Amino acid sequence: MMDRKRIFDLVDAEAPGIWNIPGSVLIFDGLLDLAGSVLPDKAKPAPAKGEGAADGDAFGSALAVILRHEGGYVNDPDDAGGRTNLGVTQRVWEKFVGRKVGETEMRALTPEMVEPLYERHYWEASGADLLPLGLGLCVFDFAVNAGPARAVAFLQEVVGATPDGRFGPQTLAEVLKDVQDVGEPTVIALYQKAREGYYRTRKMFWKYGKGWLRRNAETTEAALALAK
């Protein structure tokens, strides 16, 4: 569903005082009405139960895809993240909960425990909650895998916005324009191709490359199904 309050708050943060201009609220609200056909909408069918949808919401179904990619507890000596469970590293979890944790707690993490972290620090931080469902899944997945700023910067490059890694109203406008002009599947394909290029430049591609490319392909398939 299109979160108008969050979009208005985003614009206000980027351009303080803009809503004091006479007629600005009505004009912008009208633009959102026009954009509604390409933003996530209640009219779109929710993912079926059993496909990972959490109460049929966009974030819940997207998170289910991410958690399938991430898997359970690992502590790979070649991975700088160290102890990791459900895609959450020990360092990230300690920062989120505000204290030190050990192996026992890391092993005990559940999807319900990490959901707020994913929603706040990856889903919303990357602007995925404001994007069409399929493209939002791709950006969310890349944010988890490579960081929200990089995920946003790649999206900005694809749509011709300034690649500063910050998701703001200009980026949103450029994305929606591209989706309307060339279609969401085309934007998804370009974004995922850029992701693949990034993975191929990583020095650990020799070890993790096959998994990264499989993840990218699976996310593309799921995203294109949502974009139909």
Side-chain angles (χ1 to χ4, degrees), residues 62-97 100-103 105-107 109 111 113-115 117-128 131 134-168 171 174-175 178 185-224:
L63 181 60
V65 174
I66 272 66
L67 293 182
R68 283 198 297 272
H69 290 158
E70 295 293 348
Y73 179 84
V74 294
N75 189 6
D76 186 342
D78 290 329
D79 189 339
R83 292 178 183 135
T84 303
N85 195 2
L86 301 172
V88 179
T89 66
Q90 183 170 327
R91 180 181 60 81
V92 167
W93 186 246
E94 287 176 339
K95 185 177 181 180
F96 184 69
V97 299
K100 292 289 185 180
V101 302
E103 180 178 347
E105 181 168 342
M106 288 302 299
R107 286 184 177 274
L109 293 182
M113 293 169 66
V114 302
E115 181 178 322
L117 182 153
Y118 273 112
E119 184 168 22
R120 187 182 314 165
H121 293 288
Y122 298 99
W123 176 251
E124 293 179 354
S126 67
L131 297 173
L135 184 59
L137 171 61
C138 295
V139 173
F140 180 36
D141 187 55
F142 197 29
V144 171
N145 192 225
R150 180 172 286 112
V152 172
F154 272 58
L155 178 63
Q156 290 167 327
E157 288 184 349
V158 165
V159 302
T162 302
D164 58 8
R166 297 174 60 237
F167 192 98
T171 297
E174 293 287 353
V175 171
D178 258 33
T186 297
V187 180
I188 288 172
L190 291 171
Y191 186 76
Q192 295 297 90
K193 183 178 180 181
R195 277 184 68 178
E196 179 178 334
Y198 166 78
Y199 291 136
R200 291 186 181 277
T201 68
R202 310 311 296 163
K203 64 180 181 180
M204 293 300 289
F205 186 79
W206 66 271
K207 179 172 182 176
Y208 301 117
K210 185 176 180 180
W212 289 337
L213 296 186
R214 181 176 63 249
R215 175 180 186 146
N216 199 46
E218 290 175 354
T219 302
T220 302
E221 182 179 1
L224 290 175

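All residue numbers refer to positions in the sequence shown, counting from 1. Just so it is clear, the values below take in all heavy atoms, side chains as well, and ignore hydrogens, waters and symmetry mates. A quick note: this is a predicted structure, and the numbers were derived from the prediction, not measured.
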Check: To the nearest 0.5 Å, how far apart are CG in L155 and CG in L131?
Finding: 6.0 Å
Checklist line | For W93, ring pair (Phe, Tyr, Trp, His ring centres under 6.0 Å) partners two or more places apart | finding: F96
Next item on the list: State, to 0.1 Å, how close L86 and V114 come at their nearest heavy-atom pair, and which atoms those are.
Entry: CD1-CG2, 4.2 Å
Notebook entry, point to check: Hey, does L213 have a side-chain heavy atom less than 4.5 Å from the side chain of R200?
Noted result: yes
Check: Atom NZ in K95, atom CG in L117: separation rounded to 0.5 Å?
Finding: 10.5 Å
Next item on the list: Could you walk me through whether E94 and Q90 pass the side chain to side chain donor-acceptor pair (under 3.5 Å) test, one step at a time?
Entry: CA-CA 6 Å; E94 287 176 339; Q90 183 170 327; 3.2 Å; yes
Item checked: Closest heavy-atom pair and its distance - C138, I188 -> SG-CG2, 3.9 Å
Check: Of all residues at least two apart in sequence or in a different chain, which pass the ring pair (Phe, Tyr, Trp, His ring centres under 6.0 Å) check with H69?
Finding: none
Checklist line | For M106 against Y73, the heavy-atom pair lying closest together | finding: CB-CE1, 4.1 Å
Notebook entry, point to check: What closest approach, in Å, do E115 and L63 show between heavy atoms, and which atom pair accounts for it?
Noted result: CG-CD2, 3.8 Å
Check: What is the ring orientation for F142 with Y191, classed by angle as parallel under 30°, tilted 30 to 60°, or perpendicular over 60°?
Finding: perpendicular
Checklist line | Between OG1 on residue T219 and CD1 on residue I66, distance to nearest 0.5 Å | finding: 6.0 Å
Note to self: Looking at every non-hydrogen atom in both residues, tell me the closest pair between F154 and A194 and how far apart they are.
What the structure shows: CE2-O, 3.4 Å
Check: When rounded to the nearest 0.5 angstrom, what distance separates CH2 in W123 from CG in L137?
Finding: 7.5 Å
Next item on the list: Please check if the side chain of T84 supplies one atom and the backbone of G82 the other of a donor-acceptor pair under 3.5 Å.
Entry: yes
Next item on the list: Would you mind listing every salt bridge (charged side-chain N to carboxylate O under 4.0 Å, His left out) that reaches into residues 137-154, with sequence neighbours excluded?
Entry: D141-R195, D141-R215
Check: Rounded to the nearest 0.5 Å, how far does CE of M113 lie from OH of Y118?
Finding: 13.0 Å
Note to self: Can a donor-acceptor pair be found, under 3.5 Å and without considering hydrogens, that links the side chain of Q192 to the backbone of N216?
What the structure shows: yes
Next item on the list: Could you pull out all residues at least two apart from A143 that satisfy side chain to side chain contact (heavy atoms under 4.5 Å, CB included)?
Entry: Y122, S126, P148, A151
Next item on the list: Return the set of residues passing salt bridge (charged side-chain N to carboxylate O under 4.0 Å, His left out) with K207 (not counting sequence neighbours), or none when no residue passes.
Entry: D76, D78
Item checked: Contact summary for E70 and G87, nearest pair of heavy atoms -> OE1-CA, 3.3 Å
Next item on the list: Apply salt bridge (charged side-chain N to carboxylate O under 4.0 Å, His left out) to R91 and list each qualifying residue two or more places apart in sequence or on a separate chain.
Entry: none
Notebook entry, point to check: Roughly how far, to the nearest 0.5 Å, is the CZ atom of F167 from the CD atom of Q156?
Noted result: 8.5 Å
